[in-house]
Chemist: 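Shown below is the structure under consideration.
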Amino acid sequence: MAYWLVKSEPDVYSWDTFVAEKQTYWNGVRNYQARNNMKAMRKGDTVMFYHSNEERQVVGLCTVVKEAYQDPTTDDPAWVVVDVKAGKRLKTPVTLATIKQTKGLEQIALIKQSRLSVMPLTEDEFNIIIALGS
DNA sequence: GCCAACGTTGGC
DNA sequence: GCCAACGTTGGC
């Protein structure tokens, strides 16, 4: 069981939209590293949902329900999507500012590689964020 | 709106 | 294969 974090611009695809749809395929990734991370996702893995730009906070959790397959929005076989199902909203959103100040999260990919849109989290990082969000 | 970081493209 | 130019992302 692995942990991941995905970013979305709330203007483009927000947590509320996701919750309303209950499930979605995570499309639009056009970066090889992010793509490789998606390919490494396994059914049942937990994914944190982060709002970038205006909000900059982790807002909720979701679960991988289908592993990587051809992105239906393009014919280019280089790109894949995964299906994710909306889970719980964090009681308290965890902001980037908080993450930066929190001991144990210094190495998180969210800070180290700010432009990456799909990234792995260690179990420790995941648990710390969960604790901050409850 | 600006700019830093960084990935991609294309000329050589 | 290198590197400059360029485009994109995302924090501020």
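In what follows, chains are A, B, ... by sequence order, proteins preceding strands, each numbered from 1.
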Chemist: Quick one: do the A/Gln113 and A/Gln33 side chains pair a donor with an acceptor below 3.5 Å?
Modeler: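 Present: a donor and an acceptor within the cut-off.
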
Chemist: Without decimals, in angstroms, what is the distance between A/Lys100 NZ and C/dG10 C1'?
Modeler: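 For the pair A/Lys100 NZ and C/dG10 C1', the rounded distance is 10 Å.
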
Chemist: Tell me: CD of A/Glu54 to P of C/dG10, nearest whole Å?
Modeler: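 My rounded result for the distance is 12 Å.
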
Chemist: Could you tell me the separation between the CD atom of A/Gln113 and the C1' atom of B/dA4, rounded to a whole number of Å?
Modeler: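 The distance from CD of A/Gln113 to C1' of B/dA4 comes to 15 Å, rounded to the nearest Å.
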
Chemist: May I ask you to evaluate whether A/Tyr50 reaches the phosphate of C/dG11, defined as a side-chain N or O under 4.0 Å from OP1 or OP2?
Modeler: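 So the side-chain polar atoms of A/Tyr50 do come within 4.0 Å of the phosphate oxygens OP1 or OP2 of C/dG11, strictly under.
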
Chemist: Does a side chain donor of either A/Asp45 or A/Trp4 reach within less than 3.5 Å of an acceptor in the other side chain?
Modeler: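 On atom types as modelled, these side chains qualify, holding a pair under 3.5 Å.
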
Chemist: Could you state the atom-to-atom distance from CZ of A/Arg115 to C1' of B/dC6 in whole Å?
Modeler: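 These atoms are roughly 5 Å apart.
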
Chemist: Can you classify the ring geometry of A/Phe49 versus A/Tyr13 as parallel (below 30°), tilted (30 to 60°) or perpendicular (above 60°)?
Modeler: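 Taking A/Tyr13 first and then A/Phe49, their aromatic rings sit tilted (interplane angle of 30° to 60°).
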
Chemist: Measure from CE on A/Met119 to P on B/dC6 and round the result to the nearest Å.
Modeler: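 Atom CE in A/Met119 sits about 13 Å away from atom P in B/dC6.
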
Chemist: Nearest to the side chain of A/Asn53, heavy atoms from C-beta on, is which of C/dG10, B/dG7, C/dC12?
Modeler: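 Nearest listed nucleotide: C/dG10.
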
Chemist: How long is the line joining CD1 of A/Ile99 and P of C/dC12, in whole Å?
Modeler: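 Value for this atom pair: 11 Å.
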
Chemist: What is the distance, to the nearest angstrom, from the CH2 atom on A/Trp79 to the C1' atom on B/dG7?
Modeler: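 These atoms are roughly 10 Å apart.
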
Chemist: Counting just side-chain N and O atoms, does A/Lys7 come under 4.0 Å of either OP1 or OP2 of C/dG10?
Modeler: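 For C/dG10, OP1 or OP2 has a side-chain N or O of A/Lys7 closer than 4.0 Å.
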
Chemist: CG of A/Leu116 versus P of B/dT8: gap in Å, rounded?
Modeler: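 Going from CG in A/Leu116 over to P in B/dT8 covers 11 Å.
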
Chemist: Determine whether the side chains of A/Tyr69 and A/Asp83 contain a donor N or O and an acceptor N or O closer than 3.5 Å.
Modeler: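 On atom types as modelled, these side chains qualify, holding a pair under 3.5 Å.
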
